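A, B, ... follow the sequence lines: proteins, then strands. Residue 1 opens every chain. Computed from a predicted structure; not experimentally measured. All values below come from the heavy atoms of this structure, side chains included, with hydrogens, waters and symmetry mates left out.
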Number of protein chains: 2
Amino acid sequence: MDHSESKHFRAAVTVDNVVFGFDGKQLKVLLIYRGAEPFKDRWALPGDFVPLDENLNQSAIHVLRSLTGLENIYMEQVHAFGDVNRHPFGRVYTIAYYALIKVEDYQVQASSWAEEAAWFPINEVPELPFDHVEIMEFAKQQLRNKIRTQPIGFELLPKHFTLTQIQELYEAVLERKFDTRNFRKKLLSMNLISETGYRQTDVSHRPAMLYKYDTKRYNRFLERGFSFDI
Amino acid sequence: MDHSESKHFRAAVTVDNVVFGFDGKQLKVLLIYRGAEPFKDRWALPGDFVPLDENLNQSAIHVLRSLTGLENIYMEQVHAFGDVNRHPFGRVYTIAYYALIKVEDYQVQASSWAEEAAWFPINEVPELPFDHVEIMEFAKQQLRNKIRTQPIGFELLPKHFTLTQIQELYEAVLERKFDTRNFRKKLLSMNLISETGYRQTDVSHRPAMLYKYDTKRYNRFLERGFSFDI
DNA sequence: CCAAAAGTGTTTAAATTACACCCATGG
DNA sequence: CCATGGGTGTAATTTAAACACTTTTGG
C-alpha cells in the first residue's frame with residue numbers, strides 16, 4: 001500500500017527565514033520582493049517550499065541561498081506555524097528559522113523568483129503577507145532570549161573584533177545601552193575572548209585592541225548555556 | 001488551478017507530545033502502546049497525524065486527548081522534525097509539543113489506536129521508534145530551560161500547594177537538590193505566591209502552610225521572563 | 001514521647017551597579 | 001591642538017551561598 005496516497009499526505013511545508021543583519025549600528029532584517037504568487041509584488045520573508053527529498057534543516061539553508069544568495073549561514077529553528085488558513089493555496093505549514101549575520105560580510109543578490117532582496121531596519125519593515133509579522137516577532141524574541149543565555153554574537157563578528165563592536169551588537173539586539181566598563185568587565189571575566197595583540201589601523205582616534213574568541217571555551221558555554229545578565 | 005494537486009502538497013504532518021508527569025517524587029513521561037502501523041506493538045510518544053482542517057496547536061491537544069484521555073492540558077511547542085527518512089510511510093514532518101502535569105490530577109485512559117497508555121520514569125523509558133528519543137531529549141532540555149527562566153510549575157500544582165511541593169518539582173526537573181531555606185527565601189521574595197491561611201490536614205507531622213499563586217504577578221513574569229538561578 | 005516533615009536567620013562571599021577621567025591616534 | 005572613540009578602577013549595594021536547630025502534628 002502506498003501510504004503517500006493516503007488522505008494525510010496532502011499538506012505542503014515551507015521554510016521562512018528571518019535573517020537579522022547587524023551593520024555596526026542597528027539591527028536589520030532581510031526581505032525579498034516576491035515575483036511569484038501568492039502575494040506577488042509584496043515584500044516578504046525569504047521562504048519557499050521544502051522539496052520532498054530534502055531534510056528540513058538543509059532546506060532552510062538552500063532556500064535562503066536560492067532567494068538571496070546568502071551562503072554559509074548558521075540558522076536556527078524558531079517555531080512551526082500551522083494554522084489552517086495561513087496560506088491561500090491550501091494546507092501549508094511553515095517552519096521558521098532565524099540567523100544573525102554581519103551585513104557587510106555578505107553580498108545579497110536576489111535570484112530564483114525573488115525579484116529583489118534588501119535589508120530593512122527592524123522597526124521600518126513594510127506590511128508583510130501571510131503570518132510573517134507573527135513569525136518575525138517570534139524570531140526577534142527568540143534572538144533576544146538567545147543572546148542573553150548563549151554567547152551568541154561572536155561567530156557573526158569578523159574573526160578579529162573590538163569590544164565596542166560586541167557591545168554595539170548587544171545594544172542593537174536588546175535595545176538598551178550598557179555601561180562600557182561593566183560590559184567589558186563582564187565579557188572579559190568569562191574568558192571567552194582573548195587579545196590578538198593587534199590593533200585597529202587607520203582610525204582617527206585611539207586604535208582599539210582586536211580580540212578573537214576561544215572556540216573551546218565557547219563551545220563549552222554553548223552546551224551549558226550562560227547568563228548574560230548585565 | 002488547484003494548487004493542492006501541485007508537487008508540493010504530498011507531505012504529511014504529525015504532532016508528537018511529550019507529557020512529563022510529576023508524581024511528587026520523580027519525573028515521568030507518558031507513552032502509549034501502539035496498536036497501529038508503523039511500529040505496531042511498541043511503546044512510543046503519543047502522536048498522530050494532523051487533520052487537514054485543524055490548526056496545528058489545536059491538533060496537539062486533540063491528539064493527546066484522543067490517545068490518552070488527557071484533557072485541558074497546556075502544551076507548548078518544542079521543535080519541528082523533518083528529516084526525509086524519519087517515517088517509513090513517506091515524507092512525514094512532526095511537530096513536537098510538551099507539557100508538564102501532576103500525575104495524580106489526571107486519569108490516563110488509552111483510546112483510539114493506542115492500546116495502552118502508561119507513565120514511565122524519565123530514566124527508564126523503553127526503546128522508542130521513529131526519532132522519538134531525539135524528540136524526548138529536546139523536550140527535556142526545553143523543560144529545563146523553561147523552568148529556569150519562567151515561573152513554570154505553579155500552574156501544574158494544585159490550586160493550594162506547599163513550598164515543599166514546589167521544591168520537589170524543581171528538584172525533579174533539574175535533577176539537583178536545593179537548600180530549603182534558600183529556596184524558600186528566593187521563591188517568596190518574588191512575591192509570586194501568597195499564603196492561603198489554610199494548612200495541610202491529616203498529616204502525621206507538622207502541617208505545612210498552603211500557598212496560592214498570584215495570577216497577575218505571574219503573568220507579568222511570564223511576559224518578561226525571570227531568572228530562577230538558585 | 002517518638003517519628004516525620006515544616007519552618008526559620010545569620011554570616012560570608014560573590015556579583016552587580018554606579019560613576020568620571022585620561023589615552024592614543026589622524027587630520 | 002582638536003576631535004574621536006578607546007580604555008581603565010573603586011566603593012556601595014545587592015544577591016547568593018553555606019549552614020543547624022526548633023516546631024507542630026499524628027500515632
Side-chain angles (χ1 to χ4, degrees), chain A residues 22-26 147-149 151 157-158 160-172 174 176-212 221 224-230, chain B residues 22-26 147-149 151 157-158 160-172 174 176-212 221 224-230:
Chain A
F22 180 60
D23 66 1
K25 287 296 168 204
Q26 61 177 339
I147 210 170
R148 286 194 310 166
T149 55
L157 290 167
H160 292 181
F161 48 83
T162 68
L163 296 183
T164 302
Q165 283 180 299
I166 292 200
Q167 184 173 343
E168 280 170 343
L169 172 66
Y170 270 78
E171 289 177 341
L174 297 176
R176 53 168 291 209
K177 294 289 179 188
F178 294 103
D179 177 273
T180 308
R181 279 173 291 196
N182 292 341
F183 187 88
R184 286 166 181 239
K185 210 185 303 171
K186 173 94 178 187
L187 199 56
L188 292 171
S189 75
M190 294 191 283
N191 292 319
L192 278 173
I193 60 176
S194 53
E195 298 189 353
T196 61
Y198 299 101
R199 293 178 171 277
Q200 283 181 320
T201 51
D202 298 317
V203 288
S204 71
H205 54 76
R206 176 171 173 177
M209 174 59 72
L210 291 167
Y211 289 80
K212 61 186 175 190
F221 269 88
R224 297 192 194 171
F226 82 145
S227 174
F228 202 87
D229 285 331
I230 192 165
Chain B
F22 180 60
D23 66 1
K25 288 296 167 202
Q26 60 177 339
I147 210 171
R148 285 194 311 167
T149 55
L157 290 167
H160 293 179
F161 48 83
T162 69
L163 296 183
T164 303
Q165 282 179 301
I166 292 201
Q167 184 174 341
E168 281 170 343
L169 172 66
Y170 270 78
E171 289 177 342
L174 296 176
R176 52 168 291 208
K177 294 289 179 187
F178 294 104
D179 177 274
T180 308
R181 279 172 291 195
N182 292 340
F183 187 89
R184 287 166 180 239
K185 214 182 302 172
K186 173 95 178 187
L187 199 55
L188 292 172
S189 74
M190 293 192 285
N191 292 319
L192 278 173
I193 59 176
S194 53
E195 297 189 355
T196 61
Y198 299 101
R199 292 178 171 277
Q200 284 180 319
T201 51
D202 298 316
V203 288
S204 71
H205 55 77
R206 174 170 175 176
M209 173 59 73
L210 291 167
Y211 290 80
K212 61 186 175 190
F221 268 87
R224 297 192 195 171
F226 83 145
S227 174
F228 201 87
D229 284 330
I230 192 166

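- Between Leu163(A) and Phe183(A) the shortest side-chain heavy-atom distance does not fall below 4.5 Å.
- Atom OH of Tyr211(A) and atom P of dG6(D) are 12 Å apart (whole Å).
- Using a distance-only test at 3.5 Å, with no hydrogens or angles considered, a donor-acceptor pair links the side chain of Thr196(A) to the main chain of Leu210(A).
- Comparing Glu195(A) and Arg206(A) by the nucleotide of DNA chain D whose heavy atom lies nearest to each, the residue mapping closer to the 5' end is Arg206(A).
- To the nearest angstrom, P of dG5(D) lies 14 Å from CD of Gln167(A).
- Across every non-hydrogen atom of Pro207(B) and Arg199(B), the tightest pair is O-NH1, 3.1 Å.
- Relative ring orientation between Tyr211(A) and Phe161(A) is described as parallel, the plane-to-plane angle staying below 30° on a 0-90° scale split at 30° and 60°.
- Between Phe161(A) atom CZ and dG5(D) atom P the separation is 21 Å, expressed in whole Å.
- Remark: Lys177(A) NZ to Asp179(A) CG distance equals 12.5 Å, nearest 0.5 Å.
- Rounded to a whole Å, the CG atom of Asp179(B) is 10 Å from the P atom of dA20(D).
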Each nucleotide N or O in nucleotides 10-15 of chain C that has a protein N or O under 3.5 Å away: list the pair and distance.
unit_1	atom_1	unit_2	atom_2	d
dT10(C)	O4	Lys185(B)	NZ	3.0

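- A distance-only check finds no donor-acceptor pair linking the side chain of Glu195(A) to the backbone of Met209(A) [under 3.5 Å].
- The nearest whole Å value for the distance from the CG atom in Leu163(B) to the P atom in dT23(D) is 20 Å.
- Contacts between residues 197-205 of chain A and DNA chain D, defined by a heavy-atom separation under 4.0 Å, are made by Arg199(A), Ser204(A), His205(A).
- When the P atom of dA20(D) is taken as reference, atom CZ of Arg181(B) falls 8 Å away, rounded to whole Å.
- A straight line from CG of Leu187(B) to C1' of dG7(C) spans 14 Å, rounded to a whole angstrom.
- Of the two residues contacting DNA chain D, namely Pro207(B) and Thr164(A), the nearest-nucleotide position lying further toward the 5' end is that of Thr164(A).
- For Thr164(B), the side-chain contact (heavy atoms from CB on, under 4.5 Å) partners two or more places apart in sequence, or in a different chain, are Thr162(B), Glu168(B), Arg184(B).
- Between Phe178(B) and Gln167(B), the closest heavy-atom pair is O-NE2, 2.9 Å.
- The base of dA6(C) is not paired with the side chain of Arg184(B) by any donor and acceptor separated by under 3.5 Å.
- In plain terms, the two heavy atoms of Lys212(A) and His160(A) that are nearest each other are CB-CD2, 4.2 Å.
- For the pair Met209(B) CE and dT23(D) C1', the interatomic distance rounds to 14 Å; values are reported in whole Å.
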